[in-house]
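Chain letters run A, B, ... following the sequence lines, proteins first, then strands; residues in each count from 1.
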Amino acid sequence: MYIIGENIHIISPKVKEALANKDAKYFQDSAVKQVEAGAQALDLNLGPRKKDWEEVFPWMVETVEAVVDVSISFDSTNILGIEAGLKKITKAQPIINSTSAEEERLEKVPLLAKKYNARLVALTMGKSGIPVAADERVNIALEKLIPRAMEIDFPIEDLIIDPLVLTVSGCQEFCPELIGAIRTLQFAWDPPPPISVGLSNVSNAVPRENRPLINRVYCAMLMGTGLKMMIADPFDEELKDVIRIIEERDDSSATGKLYLKIHDRIEAMEEPLIEDVDTSDAEQMAIWKTVQILLNKVIYADAYLEQEAVG
Amino acid sequence: MPIEIPKDSWAGEVRTVSFGATAENGGTRSKTITVGGEKTLPFLQFEVPMPHPPVIALEIKDRRPDDWSSLLLETWGDVVDDPGEWAKAAEEAGADLLQLTLSLTDNEGKPAKPDDAVAAVKKVLEASALPLIVMGPGQAEVDNELIVPIADATKGENLALGICEDKNYRTIVAAALANDHLVTSRAPMDVNLSKQLNILITDMGLPADRIIMDPTTGALGYGIEYGYSVMERLRLAALQGDAMTQLPMMVTVGTETWKTKEAKVGEDVPEAWGDWLERSINWETLTAVSLIESGADIVVLRHPESVRRVRLAIEDLMAVPEPA
């Protein structure tokens, strides 16, 4: 699993404060720790920086590249800021996160990626928003995103399609559809484009204590579709353990066996079943209940773990 | 050629919920209201006959309302000045049950007092023997202040009490628990929050068959599609076996429809809108019937003519076709 570290994000009050103070050490610490924890690229979400982009983007690239060698992912809507950052890159191939299928973005952002030899995350989102159905998301990739890359001779292996994770709390019907979208995208083009998602989005608006479980169960399910890249929290040890269990096929623990089973069911285009679960084991039941909400079989509620299992 | 009609069968069913205690059960109500028990979607009588038809409540207030349409005030006349008289008139108008909605202030604009609220409820219970829902005015603190003494004073009558919302449910649930009442659980047109609130209420020890879910809705032309979808989704989840959605649903149709422009405004509207009163009643009737189709078990109305028309629709929908 190729993890793009998500922890430098303006939504965090600490990041916000460090940025206001131009605290280089804070960002260097975060960058080093994320890379040590396994991040193979670093997502930088600094917000639009409408007033100070000219200064902030290059400063951040210099700051981070002084201590790590990995790819930097510019997570911003500010094209001028991204370009200012791209000009400063001296190390690994950068990533632009992102373009959508909206005309204006799709016109400009891929050209920028081409000019600076960056990889480009392209969202399956058009001007009318994000479609629920898997097929419609795939269609946006096939009819808009990939054709635009071809048009400007942008290498498909650098076009990272992001079919979009939405939160189980409020956009539950999107969650199972993503499984089909990732599956299909891998067979929709030759060579298949890389695929990445923002995993933690699945638990946005979920009470903090329940987020990690939802993230790692969804991760196991999405790995079953063949997902090999995601933006995620590299400090989430339990998440990384699930990834390791699946990659190494480590069935030495009962929980590990269940995660493998969930992965294998999805891989075989099946749904996990209650038979796969040791119902006397509270941890396994929590995983099962989480599968049920992620497949939109049971309506999500903040207290879903306290409800008796269904199915 | 004979045609085989495909039939769905579901794993789950809606809980049967009853309220209103007769003398036999220690109360003074003339009958008990029983709703729920559905094993399939509404009115698919050929799959599983609907065990209990949807019921119609009429909404009354503890005093002359300040914000009700003049059409409603003309229709009801002077009874609106006395909750007992109003309750009697509503029973005569054909309601299956009543909803008494408490006012935030008294006639002089001063904050409502618990003693007055208890007195109004008692008047209603004495004047009409129909089962009763009592709703607070909709401000958390005032709701608690008024509903708790009402719950105490009416122990044994087995009322349904509201408003329980995610930010304010504990006090009212505790009062219902202690006095053998039910509660209504209201969430703002959101399946997740509806379910969450039901979990929280049952966590306090109130059995699920003492909860009526109020998913809230919008009137025809004012968000009814959204309300309809939320109710449909909740009902489908219930039939699929999701215990915390397996509750009968009530909707306050009168509140929603009588605040629409179509029902509120009689002058300076396009002529094509037609007769004001007829239009308003149509608005309330169509909203109610649509929501009954999406799974509403209790509809709360304001106009007696709407009661008559919705009743006719329910009777038609409940008819079980003779086997061929």
Side-chain angles (χ1 to χ4, degrees), chain A residues 128-133 165-177 201-211 213-215 217-218 271-275 277 279 282 285-311, chain B residues 9-15 164-167 169-170 173 185-209 211 213-216 225-247 249 294-295:
Chain A
S128 52
I130 304 166
V132 179
V165 170
L166 274 87
T167 174
V168 70
S169 170
C171 303
Q172 202 179 348
E173 66 277 20
F174 287 82
C175 295
E177 292 290 333
N201 287 341
V202 72
S203 59
N204 272 340
V206 169
R208 181 191 289 265
E209 64 273 18
N210 285 346
R211 293 195 65 172
L213 175 66
I214 293 174
N215 293 350
V217 172
Y218 205 40
E271 282 176 0
L273 298 173
I274 189 78
E275 288 97 280
V277 182
T279 54
M285 284 310 282
I287 294 169
W288 168 249
K289 288 175 186 175
T290 306
V291 168
Q292 292 290 89
I293 58 157
L294 289 167
L295 288 175
N296 198 18
K297 299 276 181 193
V298 174
I299 292 180
Y300 171 82
D302 286 348
Y304 77 96
L305 288 176
E306 285 147 50
Q307 197 198 354
E308 255 176 67
V310 181
Chain B
S9 79
W10 298 93
E13 63 184 88
V14 179
R15 278 192 179 73
C164 294
E165 296 177 299
D166 63 341
K167 297 265 180 311
Y169 65 94
R170 294 182 167 274
V173 171
S185 80
R186 178 180 288 181
M189 283 206 255
D190 182 304
V191 288
N192 306 124
L193 294 179
S194 280
K195 178 172 167 177
Q196 172 73 4
L197 183 55
N198 297 335
I199 296 175
L200 295 173
I201 291 175
T202 49
D203 273 355
M204 283 187 66
L206 191 73
D209 63 3
I211 304 172
M213 189 159 48
D214 175 359
T216 63
E225 306 83 350
Y226 201 77
Y228 188 103
S229 301
V230 165
M231 291 167 70
E232 188 178 45
R233 177 88 208 286
L234 286 167
R235 184 51 55 85
L236 285 168
L239 295 173
Q240 283 160 0
D242 187 341
M244 281 300 119
T245 61
Q246 291 173 330
L247 305 169
M249 294 185 279
S294 75

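- A donor-acceptor pair under 3.5 Å is absent between the side-chain atoms of B:Asp242 and the main chain of A:Val298, judged by distance alone.
- Of the listed residues (B:Gln196, B:Arg233, B:Met244), just one forms a side chain to side chain contact (heavy atoms under 4.5 Å, CB included) with A:Ile299, and that residue is B:Arg233.
- The contact between B:Asp203 and chain A is made entirely by side chain atoms (from C-beta outward), counting heavy-atom distances below 4.5 Å.
- Separating the SG atom in A:Cys171 from the CG atom in B:Asn192 is a distance of 9.5 Å, to the nearest 0.5 Å.
- Looking only at side-chain heavy atoms (C-beta outward), A:Gln172 and B:Val191 stay at 4.5 Å or farther from each other.
- Nearest heavy atom pair, residue A:Gln307 against residue B:Ala243, reads NE2-N, 3.5 Å.
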